[in-house]
Amino acid sequence: MDISSDESDDWFMESLNTYKDLHVFQLEHPTKVIEWTGDKNICVAGYTGARSEILELLLPLKLYAGENQGLCAERDFKVQHGGFSEEPVESLIHIPGTRCVVTSGSSSSTLQIWDIGGDDSDVIKGTGVINLKSTSAKGSKIAPGLTDEPAVLHGSCINEVQLTEIATGQILYTVAKESSDSVSGLQFVNACVFLICASDGTLLMVDTRDPSTCHYPLEDSKSGLHWSFGLRSDSSQSEPSSCTVARLSSSGHMLLSDLRNLQSPFCQTQLNVQHSTSKKDFLNVSWAPVLDRCLSVSGFDGTVHIYNTMNWSTEGQSPQPVFSHRGHEMSHEAKYSGSPPVVTTHSWHQSRPKTLLSAATDGSLHVWDWVDKITDR
């Protein structure tokens, strides 16, 4: 979609009333990952080129200036720590309670372990590797373990998913499922239970105390579609009864399921988004950690859509988003580059209800807080 100069100018004028905050940053190389390392810090890493930067950034302090924003000059992201990966970074996770991140790339059969540094150094250093189950495994999906000792859950195919202790490399659990289907996402429900979403939309629920695996294929699987998923937890206990799973397909089909009955979604709907199979790597659905029953969707074009699922019907058609962030496609770079940018990833702030970060294929990185015309004054 070509954006005219007039349309871009109109959007900018409109944004003065539709955003509480909007800060724009330009990375040297685009990122697929935005990972929180603190309340005001994120990690990003490049996915293009043979050698990729890993950066820890401090969010613009103006976000936190409150009523005294006029007195705060810091409107930009600030690089706090940096390092280099010898391969493109496809996935990156932070291990809670540590200064450790783990990355996976597209070209090696190991996971890389990094120390993102402290006050005494601005260098992000590689500290070790985790060897994968298969030497042919590439682009493993990863998730932080919720065990007492730092651990990472990882795998590119279902039969290669395992939980590994970071310090020792000890394998704590291996999924006993003979399936070579590729993994599109992993996430823990609690310290013992985790979910696997296969790229064809199949869900698997695994309990590390039990060698068996619960398998939930789609009832009417649509061939050729790629699926992504997001898990919402209503309580700190993260019991299955309080969790909801959202699955999003590359055609914009959305399924919502209760963890107590993953076989039968309680809601299905078709989102009004651009259908694309070529951008499946960027498909992202995320639940808001603070706003009840709100989720966000990106990866189809240069937009991040926010939806409130509260009133979605069982067979709802094309629900309207409560807000759409079009800042990436309206950016200056987008008007003059050969193709419009696509949002590669986005992430909700963990405590600020309507604050999100998003990144796009042109290297743009935005942090934004939208104005809810109904509740905001």
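Index from 1, following the sequence.
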Visitor: Do you know the tightest heavy-atom contact between Trp227 and His253?
Guide: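 Closest pair (atom of Trp227, atom of His253, distance): CZ3-O, 3.8 Å.
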Visitor: Mind checking the OG-CG spacing from Ser251 to Leu225? Nearest 0.5 Å is all I need.
Guide: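 Going from OG on Ser251 over to CG on Leu225, the span is 4.5 Å.
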Visitor: Which atom names give the shortest non-hydrogen contact between Ser156 and Ser140, and what distance separates them?
Guide: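 In terms of heavy atoms, the two residues are closest at N-OG, 3.8 Å.
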Visitor: Is any side-chain heavy atom of Glu28 closer than 4.5 Å to one of Glu53?
Guide: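 Result yes, sub-4.5 Å side-chain heavy-atom pair found.
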Visitor: Would you say that Val273 contacts Asp301 through its side chain, given a criterion of any heavy-atom pair below 4.5 Å between the two side chains?
Guide: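 No; the side chains remain at least 4.5 Å from each other.
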Visitor: Under 3.5 Å, is there a donor-acceptor pair linking the side chains of Thr37 and Glu56?
Guide: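 Result is yes, a qualifying pair exists.
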Visitor: Decide side-chain contact (heavy atoms from CB on, under 4.5 Å) for Leu57 and Phe25; before the verdict, give the C-alpha distance in whole Å, the side-chain angles of both, and the deciding distance to 0.1 Å.
Guide: CA-CA 11 Å; Leu57 304 176; Phe25 188 68; 4.2 Å; yes
Visitor: Checking Ser228 now: which residues fulfil side-chain hydrogen bond (donor to acceptor under 3.5 Å, both in side chains) with it, not counting sequence neighbours?
Guide: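 Testing Ser228 for side-chain hydrogen bond (donor to acceptor under 3.5 Å, both in side chains), a comparison that skips the adjacent residues, returns none.
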Visitor: Give me the atom names and distance for the closest heavy-atom approach of Ser104 to Ile142.
Guide: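 Smallest interatomic distance, heavy atoms only, reads N-CD1, 4.1 Å.
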Visitor: Sub-3.5 Å donor-acceptor pair from the side chain of Gln26 to the main-chain atoms of Asp362, do we have one?
Guide: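 Judged by distance alone, yes, a pair lies under 3.5 Å.
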Visitor: Looking at side-chain heavy atoms only, is the closest gap between Val297 and Leu271 below 4.5 Å?
Guide: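 Val297 reaches Leu271 side chain to side chain.
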Visitor: For the ring pair His328 and His366, is the centre-to-centre distance below 6.0 Å?
Guide: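 For His328 and His366, the ring centres are under 6.0 Å apart.
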Visitor: Of all residues at least two apart in sequence or in a different chain, which pass the salt bridge (Lys or Arg N to Asp or Glu O under 4.0 Å) check with Glu149?
Guide: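 Listed in chain order: nothing, the list is empty.
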Visitor: Side-chain heavy atoms nearer than 4.5 Å, only ILVMFWY residues, links allowed to pass through others: does that put Ile93 and Leu186 together?
Guide: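 Ile93 and Leu186: separate clusters.
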Visitor: Are side-chain heavy atoms of Val343 and Thr303 found at a separation under 4.5 Å?
Guide: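 Contact flag for Val343/Thr303 side chains = no.
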Visitor: Will you find, in the side chains of Ser351 and Asp39, an N or O donor that is under 3.5 Å from an N or O acceptor?
Guide: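 Side chains of Ser351 and Asp39: pair found under 3.5 Å.
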Visitor: By side-chain contact (heavy atoms from CB on, under 4.5 Å), which residues pair with Ala359, not counting sequence neighbours?
Guide: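 side-chain contact (heavy atoms from CB on, under 4.5 Å) list for Ala359, sorted by chain: Thr31, Ile34, Thr344, Thr345, Leu365.
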Visitor: With no hydrogens and no angle check, just 3.5 Å: does a side-chain donor-acceptor pair link Gln80 and Asp122?
Guide: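 Side-chain D/A pair, Gln80 to Asp122: absent.
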Visitor: When you measure from the side chain of Ser286 to the backbone N and O of Ser347, does any donor-acceptor pair fall under 3.5 Å?
Guide: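 Not confirmed, Ser286 side chain does not pair with Ser347 backbone.
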Visitor: Does a side-chain heavy-atom distance below 4.5 Å link Lys354 with Leu291?
Guide: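 Side-chain contact under 4.5 Å: yes.
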Visitor: In terms of hydrophobic clustering (I, L, V, M, F, W, Y; side-chain heavy atoms under 4.5 Å; direct or indirect links), are Met254 and Leu283 co-clustered?
Guide: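 The answer is yes; both residues are in one hydrophobic cluster.
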Visitor: For a quick check under 3.5 Å, do Tyr19 and His325 share a side-chain donor-acceptor pair by atom type?
Guide: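 A donor-acceptor contact under 3.5 Å links the two side chains.
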Visitor: Apply the test side-chain contact (heavy atoms from CB on, under 4.5 Å) to residues Leu63 and Val367: give CA-CA distance (whole Å), side-chain angles for both, the deciding distance (0.1 Å), then the verdict.
Guide: CA-CA 9 Å; Leu63 271 178; Val367 57; 3.6 Å; yes
Visitor: Determine, stepwise, if the pair Ser184 / His226 fulfils side-chain contact (heavy atoms from CB on, under 4.5 Å).
Guide: CA-CA 8 Å; Ser184 71; His226 178 84; 4.1 Å; yes
Visitor: Please list, chain by chain and in numerical order, all residues satisfying side-chain hydrogen bond (donor to acceptor under 3.5 Å, both in side chains) with Thr355, sequence neighbours excluded.
Guide: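 In terms of side-chain hydrogen bond (donor to acceptor under 3.5 Å, both in side chains), with neighbours along the sequence ignored, Thr355 is linked to Arg352, Asp369.
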Visitor: If you look at every heavy atom in Val342 and Gly299, which pair is closest and at what distance?
Guide: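 Closest pair (atom of Val342, atom of Gly299, distance): CG1-O, 3.8 Å.
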Visitor: Could you tell me whether the side chain of Trp370 reaches within less than 4.5 Å of the side chain of Leu356, counting heavy atoms only?
Guide: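 The answer is yes, as the side chains (C-beta and beyond) meet within the 4.5 Å cut-off.
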Visitor: Got a donor-acceptor contact below 3.5 angstrom from the Asn284 side chain to the His346 backbone?
Guide: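 Yes, the answer is positive, given that a donor and an acceptor are paired below the 3.5 Å cut-off.
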Visitor: Suppose we screen for side-chain hydrogen bond (donor to acceptor under 3.5 Å, both in side chains). Which residues come up paired with Thr48, at least two apart in sequence or across chains?
Guide: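 Scan of Thr48 (side-chain hydrogen bond (donor to acceptor under 3.5 Å, both in side chains), adjacent residues dropped) gives none.
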Visitor: Ring pair (Phe, Tyr, Trp, His ring centres under 6.0 Å) with Phe194: which residues, sequence neighbours excluded?
Guide: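 Phe194 satisfies ring pair (Phe, Tyr, Trp, His ring centres under 6.0 Å) with Phe188 once adjacent residues are dropped.
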Visitor: If only atom types and distance count, is the side chain of Thr202 paired as donor or acceptor with the main-chain N or O of Pro217 below 3.5 Å?
Guide: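 Judged by distance alone, no pair lies under 3.5 Å.
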Visitor: Kindly give the heavy-atom pair with the smallest separation between Ser182 and Ser199, and that separation in Å.
Guide: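 Distance-wise, the nearest heavy atoms are OG-OG, 2.7 Å.
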Visitor: Side chains of Arg247 and Ser257: do they bring a donor and an acceptor to under 3.5 Å?
Guide: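 A pair is found: one side chain offers a donor N or O, the other an acceptor, under 3.5 Å apart.
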Visitor: Taking the ring centre of each residue, are Phe323 and Tyr307 less than 6.0 Å apart?
Guide: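 Ring centres of Tyr307 and Phe323 not closer than 6.0 Å.
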Visitor: Which residues pass the ring pair (Phe, Tyr, Trp, His ring centres under 6.0 Å) test with His349, not counting sequence neighbours?
Guide: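 Partners of His349 under the ring pair (Phe, Tyr, Trp, His ring centres under 6.0 Å) test: Trp36.
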Visitor: Transitively linked via ILVMFWY side-chain contacts under 4.5 Å: Leu262 with Val206?
Guide: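 Result: no, two separate clusters.
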Visitor: Running the 4.5 Å side-chain criterion over Ile, Leu, Val, Met, Phe, Trp and Tyr, what cluster does Leu92 land in, apart from itself?
Guide: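 Val33, Ile54, Val89, Val101, Trp114, Ile116, Ile124, listed by chain and number.
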Visitor: Please list, chain by chain and in numerical order, all residues satisfying salt bridge (Lys or Arg N to Asp or Glu O under 4.0 Å) with Glu90, sequence neighbours excluded.
Guide: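 By the salt bridge (Lys or Arg N to Asp or Glu O under 4.0 Å) rule, Glu90 matches Lys32.
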Visitor: Go through the steps for Ser318 and Gln320 under the test side chain to side chain donor-acceptor pair (under 3.5 Å), then give the verdict.
Guide: CA-CA 6 Å; Ser318 298; Gln320 293 301 306; over 6 Å; no
Visitor: Between Ser296 and Trp348, is a side chain to side chain donor-acceptor pair (under 3.5 Å) present by the stated rule, with each step listed?
Guide: CA-CA 9 Å; Ser296 50; Trp348 292 82; 2.7 Å; yes
Visitor: Flag the pair Leu248 / Phe229 as yes when at least one side-chain heavy-atom distance between them is below 4.5 Å, and no otherwise.
Guide: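 No. Closest side-chain heavy atoms not under 4.5 Å.
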Visitor: Salt bridge or not between Lys177 and Glu160? Use side-chain N to carboxylate O under 4.0 Å.
Guide: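 A salt bridge is absent here (no side-chain N lies under 4.0 Å from a carboxylate O).
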Visitor: Using modelled atom types only, decide if a donor and an acceptor are shared between the side chain of His94 and the backbone of Arg99 within a distance under 3.5 Å.
Guide: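 No: the side chain of His94 does not pair with the backbone of Arg99.
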Visitor: Which other residues end up in the same hydrophobic cluster as Phe84, if Ile, Leu, Val, Met, Phe, Trp and Tyr are linked when side-chain heavy atoms come under 4.5 Å apart?
Guide: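 Answer for Phe84: none, a lone residue.
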Visitor: So which pairs with a foot in residues 162-175 pass side-chain hydrogen bond (donor to acceptor under 3.5 Å, both in side chains), sequence neighbours left out?
Guide: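 Checked against side-chain hydrogen bond (donor to acceptor under 3.5 Å, both in side chains) - neighbours excluded - the pairs reaching residues 162-175 are His154-Thr164, Glu165-Thr168.
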Visitor: Side chains of Arg232 and Thr244: is there a donor and an acceptor less than 3.5 Å apart?
Guide: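 There is such a pair (donor and acceptor under 3.5 Å, judged by atom type) between the side chains of Arg232 and Thr244.
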Visitor: Heavy atoms only: give me the nearest Gly155-Val183 pair and the separation to one decimal.
Guide: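 In terms of heavy atoms, the two residues are closest at O-CB, 3.8 Å.
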Visitor: Is there a path from Leu172 to Leu132 through hydrophobic residues (I, L, V, M, F, W, Y) whose side chains come within less than 4.5 Å of each other?
Guide: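 Hydrophobic grouping puts Leu172 apart from Leu132.
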Visitor: Quick one: are Phe77 and Pro60 in side-chain contact, heavy atoms under 4.5 Å?
Guide: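 Touching, per the 4.5 Å side-chain cut-off.
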Visitor: What residues form a salt bridge (Lys or Arg N to Asp or Glu O under 4.0 Å) with Arg293, not counting sequence neighbours?
Guide: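 If we apply the salt bridge (Lys or Arg N to Asp or Glu O under 4.0 Å) test to Arg293, skipping adjacent residues, there are no hits.
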Visitor: Are Leu163 and Leu204 in one and the same hydrophobic cluster, where Ile, Leu, Val, Met, Phe, Trp and Tyr link if side-chain heavy atoms are under 4.5 Å apart?
Guide: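 Same cluster.
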Visitor: Could you go step by step and tell me if Met205 and Leu259 meet the side-chain contact (heavy atoms from CB on, under 4.5 Å) rule?
Guide: CA-CA 9 Å; Met205 187 157 61; Leu259 233 63; 4.2 Å; yes
